K.L.:
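There's a structure below that I have some questions on.
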2 protein chains.
Amino acid sequence: MNIGQAAQASGVSAKMIRYYESIGLIPKTVRTEAGYRVYSDHDVHTLRFIRRSRDLGFSVEQIADLVSLWQDRERASKDVKAIALEHVTVLERKIRELQEMASTLTHLATNCHGDARPHCPILEELASDEAGQGDFKPDAKFGLLGKVSAR
Amino acid sequence: MNIGQAAQASGVSAKMIRYYESIGLIPKTVRTEAGYRVYSDHDVHTLRFIRRSRDLGFSVEQIADLVSLWQDRERASKDVKAIALEHVTVLERKIRELQEMASTLTHLATNCHGDARPHCPILEELASDEAGQGDFKPDAKFGLLGKVSAR
DNA sequence: CTTGACCTTCCCATCATTGGAAGGACTAAA
DNA sequence: TTTAGTCCTTCCAATGATGGGAAGGTCAAG
């Protein structure tokens, strides 16, 4: 099976398959004489596992751990559970941060007439000198907005 | 006031102030003879407005619009409200996506013994051939995970 | 033998932010 | 006045996961 077919069968784009190979998430495949990558059903199964993990928001690093646990028949289920729960913690923090933003904005928008006049509580809040959200400090890098999931 | 002081006073890092200037979010400042950027209290006020907007998860592009509305005494509050509500919509979608991930994972983790034995429903789910989450497809680029807010 | 669909590698862009290097400017103390 | 230390400058790179696209090789069908 070529990379395109493996992509279709797994739901992981050919681009990403090559990327995952380049970073070592999946092993280098066999190649045809012409240099084409060749995939087995087993490889597709692994790719699907990876896609599922991405859909649940796991990072590539976590996925690497999950894949290796998956392939380890001696694994302890607590190791898997720990990764999952750790991720849940992160997800919940992000959810709370987003909810705080949304509720603040919803509140401000509710108090904004939304007409042709210039008076606007939203701008007033953004421009106010007070602390506003107080100590609200999302985790720096890749904290709240932006990429939440793949695909 | 130098850039470092403006950074402290506004809560926007010196790095980001230079960046915002480079992309045109804020105008180029006056410079001293030696090339140092000089900031006024008014500039700091604008920077604080920007930081607040970032804290609420607005993109730089949206912030540019907000700043220009802020500085426009003829603005219509409905234009501001539209930006805010549009953003709320996006936030709420992300929240739903994250909640879906979290609840799926929590459910799976609940059914996982989390002991030294290898049996693990989490891995089983990730490895299963069924659709699993069905048509769950977060918006591609910067969909759900990752950067949710600045700072 | 040509056409079109596929594959290869390589580089670039995204988004906001941080880090660091190399070098100049300024300030306070010796 | 020299020196140390802190600030400033610009420029380049990395982050994380992904897509876009160019330039060129391969393959199957007509």
Side-chain angles (χ1 to χ4, degrees), chain A residues 1-8 10-26 28-39 47 50-51 53-64 87 90 94 137-151, chain B residues 1-8 10-26 28-39 47 50-51 53-64 87 90 94 137-151:
Chain A
M1 182 172 6
N2 284 341
I3 199 170
Q5 297 164 296
Q8 271 231 300
S10 65
V12 178
S13 71
K15 279 271 186 194
M16 289 313 295
I17 296 176
R18 293 192 196 97
Y19 172 69
Y20 289 151
E21 180 187 308
S22 80
I23 62 172
L25 178 58
I26 54 178
K28 295 191 177 178
T29 61
V30 176
R31 303 274 189 135
T32 65
E33 286 182 14
Y36 284 25
R37 291 172 178 82
V38 176
Y39 296 88
L47 286 169
I50 290 170
R51 181 181 57 73
S53 303
R54 285 290 312 139
D55 286 347
L56 287 174
F58 286 105
S59 67
V60 165
E61 196 180 351
Q62 288 172 315
I63 295 173
H87 183 43
V90 172
K94 289 182 181 173
K137 285 190 190 176
D139 60 333
K141 194 162 200 172
F142 289 86
L144 282 173
L145 286 180
K147 180 164 298 173
V148 171
S149 117
R151 292 177 70 202
Chain B
M1 184 172 0
N2 284 341
I3 198 171
Q5 297 165 296
Q8 270 230 301
S10 66
V12 179
S13 72
K15 280 274 188 192
M16 288 312 295
I17 296 175
R18 293 192 196 97
Y19 171 69
Y20 289 151
E21 180 187 307
S22 82
I23 62 172
L25 178 58
I26 55 178
K28 295 191 178 175
T29 62
V30 176
R31 303 276 189 132
T32 65
E33 286 181 12
Y36 283 24
R37 289 173 180 82
V38 176
Y39 297 88
L47 286 169
I50 290 171
R51 181 181 58 73
S53 304
R54 285 290 312 140
D55 285 347
L56 287 173
F58 286 105
S59 68
V60 165
E61 195 180 353
Q62 287 172 315
I63 295 174
H87 183 44
V90 171
K94 290 181 181 173
K137 285 189 190 177
D139 59 336
K141 195 163 196 169
F142 290 86
L144 283 175
L145 286 181
K147 182 165 297 173
V148 169
S149 111
R151 293 178 68 201

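All values below were derived from every heavy atom in this structure, side-chain atoms included, with hydrogens, water molecules and symmetry-related copies excluded. All figures in this text were calculated on a predicted structure; none of them were measured in a lab.
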K.L.:
Side chain of B:I3: nearest nucleotide among D:dT9, C:dT8, D:dT18?
P.N.:
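When the side chain of B:I3 is considered, D:dT9 is the closest of D:dT9, C:dT8, D:dT18.
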K.L.:
Establish, with yes or no, whether the OP1 or OP2 oxygen of D:dT26 is under 4.0 angstrom from a side-chain nitrogen or oxygen of A:R31.
P.N.:
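The answer is no; no side-chain N or O of A:R31 sits under 4.0 Å from OP1 or OP2.
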K.L.:
Tell me: CG of B:N2 to C1' of D:dC8, nearest whole Å?
P.N.:
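B:N2 atom CG is separated from D:dC8 atom C1' by 7 Å.
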K.L.:
When you get a sec, tell me which of C:dC26, C:dT9, C:dG20 is the closest nucleotide to the side chain of B:A34?
P.N.:
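Looking only at heavy atoms from C-beta outward on B:A34, the closest nucleotide is C:dC26.
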K.L.:
Please tell me which of the listed nucleotides, D:dA17, D:dG20, D:dC11, lies nearest to the side chain of A:K15?
P.N.:
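Output: D:dG20.
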K.L.:
Kindly point out which of C:dT18, C:dG24, C:dT8 is positioned nearest to the side chain of B:Y36?
P.N.:
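The nucleotide sitting nearest to the side chain is C:dG24.
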K.L.:
Using a heavy-atom cut-off of under 4.0 Å over every strand shown, decide if B:S13 touches base, sugar-phosphate, or nothing.
P.N.:
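It contacts sugar-phosphate atoms only.
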K.L.:
Just how far is it from atom CD1 of A:I63 to atom CZ of A:R51, taken to the nearest 0.5 Å?
P.N.:
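Taking CD1 in A:I63 and CZ in A:R51, the distance rounds to 11.5 Å.
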K.L.:
Atom NE2 of A:H87 to atom P of D:dG16: distance rounded to whole Å?
P.N.:
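After rounding, the gap between these two atoms is 15 Å.
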K.L.:
Give a yes/no on whether any side-chain N or O of B:R37 is located under 4.0 angstrom from OP1 or OP2 of D:dC8.
P.N.:
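Result: no.
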K.L.:
Is it the case that the base of D:dG19 and the side chain of A:Y19 share a donor-acceptor contact (distance under 3.5 Å, atom types as modelled)?
P.N.:
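It does not, because no donor-acceptor pair links the side chain of A:Y19 to the base of D:dG19 below 3.5 Å.
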K.L.:
Quick check: on DNA chain C, is the nucleotide nearest A:R18 upstream (toward 5') of the one nearest B:E61, or the reverse? Name the residue that is more 5'.
P.N.:
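Residue closer to the 5' terminus by nearest nucleotide: A:R18.
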K.L.:
Could you state the atom-to-atom distance from CD of B:Q8 to C1' of D:dT6 in whole Å?
P.N.:
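Distance, rounded to whole Å: 14 Å.
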K.L.:
Taking atom OG of A:S53 and atom NE2 of A:H87, what is their separation to the nearest 0.5 Å?
P.N.:
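If we round to the nearest 0.5 Å, A:S53:OG and A:H87:NE2 are 9.5 Å apart.
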K.L.:
Just how far is it from atom CE of B:M16 to atom CD1 of B:I26, taken to the nearest 0.5 Å?
P.N.:
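Those atoms lie 9.5 Å apart.
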K.L.:
In whole angstroms, how far is the P atom of C:dA16 from the CD atom of B:E21?
P.N.:
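Distance check: B:E21 CD to C:dA16 P gives 18 Å.
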K.L.:
Answer yes or no: are there more than 12 heavy-atom neighbours, outside B:Q5 itself, under 6.0 Å from its atom CD?
P.N.:
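Result for CD/B:Q5: enclosed.
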K.L.:
Compare the minimum distances between each of C:dC7, D:dA17, D:dG20 and the side chain of A:R54, then state the nucleotide with the smallest one.
P.N.:
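My answer, after comparing the listed nucleotides, is D:dA17.
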K.L.:
So, for B:A14 and B:A7, which heavy atoms are closest and what is the spacing to 0.1 Å?
P.N.:
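For B:A14 versus B:A7, the nearest heavy atoms are N-CB, 3.6 Å.
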